[in-house]
**Q** 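Let me begin by handing over the structure; questions about it come next.
Protein chains get the first letters and strands the later ones, always in sequence-line order, with residue 1 at the start of each.
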There are 2 protein chains.
Amino acid sequence: MTVRSYVRGQDIVRDGDRPSECCLILAGFAFRYKLLPDGRRQIMAFHTPGDMPDLQSLHLQVTDHGVAAMMPTQAAFISHKKMQVLTGRFPGLLHAFWRDTLIDAAIVREWLVGNGRRDAHERIAHLICEMLLRFKGVGLAPSDTFNLPATQADIADALGLSNVHVNRVLQDFRRDGLITWTNYTVSVLKWDELQVRGTFDATYLHQVHKAAA
Amino acid sequence: MTVRSYVRGQDIVRDGDRPSECCLILAGFAFRYKLLPDGRRQIMAFHTPGDMPDLQSLHLQVTDHGVAAMMPTQAAFISHKKMQVLTGRFPGLLHAFWRDTLIDAAIVREWLVGNGRRDAHERIAHLICEMLLRFKGVGLAPSDTFNLPATQADIADALGLSNVHVNRVLQDFRRDGLITWTNYTVSVLKWDELQVRGTFDATYLHQVHKAAA
DNA sequence: CGGTTGTTTGAGTTCAGTCAAACCGGGTGG
DNA sequence: CCACCCGGTTTGACTGAACTCAAACAACCG
């Protein structure tokens, strides 16, 4: 097992690789993304410490998307061989990993709904709701405030919008007193209303402890 | 194990259920979908005979989306208990199921890219490319022609477009001699050009036999 | 032969994109 | 210590892809 460090923007896993190890985020923030030939980018997930964004490499030879750091980030790498030994010995672990990839997929599906059928305001409200609950679940948002090292352009690429439009929607939400969002720090001021604006329903997160919010 | 029959539009798995069994499509066609409170719909996957759209229910208590029949369809239901016995006895099966859910997720991610960053022409071209390769893989498109029991409104709900716009794009593709699409039968006439128009790259399908096309 | 479902066409609208410039704060080097 | 730069945010003006609404058309079916 090796640990490596990354700076903002650096690839942790490269699209097209054939990894022989899985990575575990130890500290920092990462996202998964795909690029179209002409440079358009779609971000498909945000990852916090404790996540293993790369579990699929255990079964799928070639990686079909990249993982990049959003800020100084440390990741541990565990060889597939060792993973197999571990899961062979502790079948519970195997099911936990599988479950993890299933929740991951559930979140991507919800994003698909957003990019397909929600308008810009709904998408952004929904994303904030999701972040807050997920971050609460892992202790990254003890109050209704959390740190999110994403630029407005990153948010745009996650939600299929332009950075300009993200900016305008955020201003609307600020004007309406729903949130504050400065300096990579997000605070949710009116949770209930934000949920409504985002047509948010937390079922898809499959959280065991229904985090109160 | 029980077998049930469904008509077009009927739910095979209902959103919000707590299933105690997994379903296997035996014949027909199905899709997975979510509805927003006001009725907007997002289709998240199409399924052919042999697929198990519901594998996630093995690990996630409550279903976060529906599965519905696109035409007269038969599905077999296998209890979770039996699934556990099977996978316990044949660990290879367990990994095959996991792998299947991973590919499923990879396809959803690619759809996310489409709905987020591809325009209408690209989305539709991409979907046709994907369908052709997947259907070839399971013998449903021996030539470059296949049956797809989806209305233009279904396609619209899969791609985050309006039915009217889908119609207009299809006319463009027909005019350019890329495809024909009548009576639920799709033929790809210019595979190479269609791939270009859809910025299609088959990596994400993780097909073992690189299906020639 | 009506009724129903799906496709096609036309006209007008809008949400979000593009382009371009101004602004702002933090870091750096002269 | 300040001028400059750079990444990120904000603002304004204009554009356009895709949507909505509404009606016509076509095919199928009982």
Side-chain angles (χ1 to χ4, degrees), chain A residues 7-10 29 36 38-43 68-72 114-127 147-175 179-186 197, chain B residues 7-10 29 31 36 38-43 68-72 114-127 147-175 179-186 197-198:
Chain A
V7 298
R8 170 171 164 84
Q10 196 178 358
F29 261 94
L36 293 185
D38 67 352
R40 279 173 290 176
R41 183 177 65 154
Q42 175 68 43
I43 290 177
M70 299 169 72
M71 59 179 293
N115 281 9
R117 285 301 181 213
R118 282 191 252 257
D119 70 25
H121 285 77
E122 291 171 322
R123 284 182 221 183
I124 293 180
H126 194 279
L127 180 64
N147 194 264
L148 182 66
T151 66
Q152 293 179 3
D154 292 335
I155 302 299
D157 282 343
L159 300 179
L161 300 167
S162 70
N163 57 341
V164 174
H165 202 63
V166 167
N167 183 279
R168 290 183 166 132
V169 172
L170 287 180
Q171 288 179 55
D172 289 344
F173 286 168
R174 285 193 276 242
R175 183 157 33 254
I179 59 159
T180 63
W181 182 320
T182 346
N183 240 308
Y184 305 106
T185 302
V186 183
R197 288 253 216 158
Chain B
V7 299
R8 170 171 165 85
Q10 196 178 358
F29 261 93
F31 61 78
L36 294 185
D38 67 352
R40 280 173 289 177
R41 183 178 65 155
Q42 176 68 45
I43 290 177
M70 300 169 71
M71 60 180 293
N115 280 9
R117 285 301 179 213
R118 284 191 251 257
D119 70 25
H121 285 78
E122 291 171 322
R123 284 182 220 182
I124 293 179
H126 194 279
L127 180 65
N147 194 264
L148 182 67
T151 66
Q152 293 179 2
D154 292 335
I155 302 299
D157 282 343
L159 301 179
L161 301 167
S162 70
N163 58 340
V164 173
H165 202 60
V166 167
N167 183 279
R168 290 183 166 130
V169 171
L170 287 180
Q171 288 179 56
D172 289 344
F173 286 168
R174 284 193 276 242
R175 181 158 35 257
I179 59 159
T180 62
W181 183 322
T182 346
N183 240 309
Y184 305 105
T185 301
V186 183
R197 289 253 215 156

**Q** Just compare C/dT8, C/dT9, D/dT9 and give me whichever is closest to any side-chain atom of B/Q171.
**A**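 Output: C/dT9.
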
**Q** Can you check each nucleotide of nucleotides 18-30 of chain D against protein heavy atoms at under 4.0 Å and return B for base, S for sugar-phosphate only, - for none, in 5' to 3' order?
**A** SSBB---------

**Q** C/dT5 P sits how many Å from B/M70 CE, rounded?
**A**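 In whole Å, C/dT5 P lies 17 Å from B/M70 CE.
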
**Q** Look at the side chain of A/D172 and the backbone N and O of A/R174, then say whether any donor-acceptor pair between them is shorter than 3.5 Å.
**A**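 Looks like no, no N/O pair under 3.5 Å.
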
**Q** Separation of A/Y184 atom OH from C/dG25 atom P, in whole Å?
**A**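 Result: 14 Å.
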
**Q** Under 3.5 Å, side chain of A/R197 to main-chain N/O of A/A125, donor-acceptor pair present?
**A**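 Side chain of A/R197 to backbone of A/A125, a donor-acceptor pair under 3.5 Å: no, none is there.
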
**Q** Can you tell me how far the CG atom of B/N167 sits from the CD1 atom of B/I124, to the nearest 0.5 Å?
**A**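 CD1 of B/I124 is found 9.5 Å from CG of B/N167.
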
**Q** When the C1' atoms of the five terminal pairs at each end define the local axes, what inter-axis angle does the helix from C/dC1-D/dG30 to C/dG30-D/dC1 show, to 10 degrees?
**A**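 The end-segment axes of the helix from C/dC1-D/dG30 to C/dG30-D/dC1 are tilted 30° relative to each other.
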
**Q** Taking CD from B/Q152 and C1' from C/dT8, how many angstroms apart are they, rounded to a whole number?
**A**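 Taking CD of B/Q152 and C1' of C/dT8, I get 8 Å after rounding.
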
**Q** Does the side chain of B/N147 come within less than 4.5 Å of B/V186's, by heavy atoms?
**A**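 The answer is no; the side chains never approach within 4.5 Å.
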
**Q** Between A/D154 (CG) and D/dG8 (C1'), how many Å, whole number?
**A**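 Rounded to the whole Å, the gap is 11 Å.
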
**Q** To the nearest Å, give me how far apart CG (A/L170) and P (D/dT11) are.
**A**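 It is 12 Å, rounded to the nearest whole Å.
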
**Q** Before accepting this row, confirm whether a basic side-chain N of the pair A/D154/A/R8 lies closer than 4.0 Å to the acidic partner's carboxylate O.
**A**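 Counted as a salt bridge, because a side-chain N and a carboxylate O are separated by less than 4.0 Å.
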
**Q** Do A/M71 and A/Y184 have side-chain heavy atoms sitting under 4.5 Å apart?
**A**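 A/M71 vs A/Y184: side chains apart.
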
**Q** Could you pull out every donor-acceptor pair under 3.5 Å between side chains of residues 155-165 of chain B and any protein atom, sequence neighbours left out?
**A**
unit_1 : atom_1 : unit_2 : atom_2 : d
B/D157 : OD1    : A/R117 : NH2    : 2.7
B/D157 : OD2    : B/R41  : NE     : 2.7
B/D157 : OD2    : B/R41  : NH2    : 2.9
B/S162 : OG     : B/H165 : N      : 3.2

**Q** Answer whether the closest heavy-atom distance between the side chains of A/Q42 and A/N115 falls below 4.5 Å.
**A**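 Yes, side chains in contact.
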
**Q** Kindly say if A/N167 contacts the phosphate of D/dT9, meaning a side-chain N or O under 4.0 Å from OP1 or OP2.
**A**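 For D/dT9, OP1/OP2 do not have a side-chain N/O of A/N167 under 4.0 Å.
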
**Q** Nearest whole Å is fine: how far is D/dT11 C1' from A/D172 CG?
**A**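 For the pair A/D172 CG and D/dT11 C1', the rounded distance is 14 Å.
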
**Q** Is B/N183 reaching over with its side chain to a backbone N or O of B/T185, donor-acceptor style, under 3.5 angstrom?
**A**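 Side chain of B/N183 to backbone of B/T185: no pair is present.
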
**Q** Which whole-number value in Å describes the distance from A/I155 CD1 to C/dA16 C1'?
**A**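 A/I155 atom CD1 is separated from C/dA16 atom C1' by 17 Å.
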
**Q** Would you say B/R174 reaches C/dT8's phosphate, i.e. side-chain N/O to OP1/OP2 under 4.0 Å?
**A**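 So the side-chain polar atoms of B/R174 do come within 4.0 Å of the phosphate oxygens OP1 or OP2 of C/dT8, strictly under.
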
**Q** To the nearest angstrom, how far is A/R40 atom CZ from C/dG17 atom P?
**A**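 After rounding, the reported distance stands at 13 Å.
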
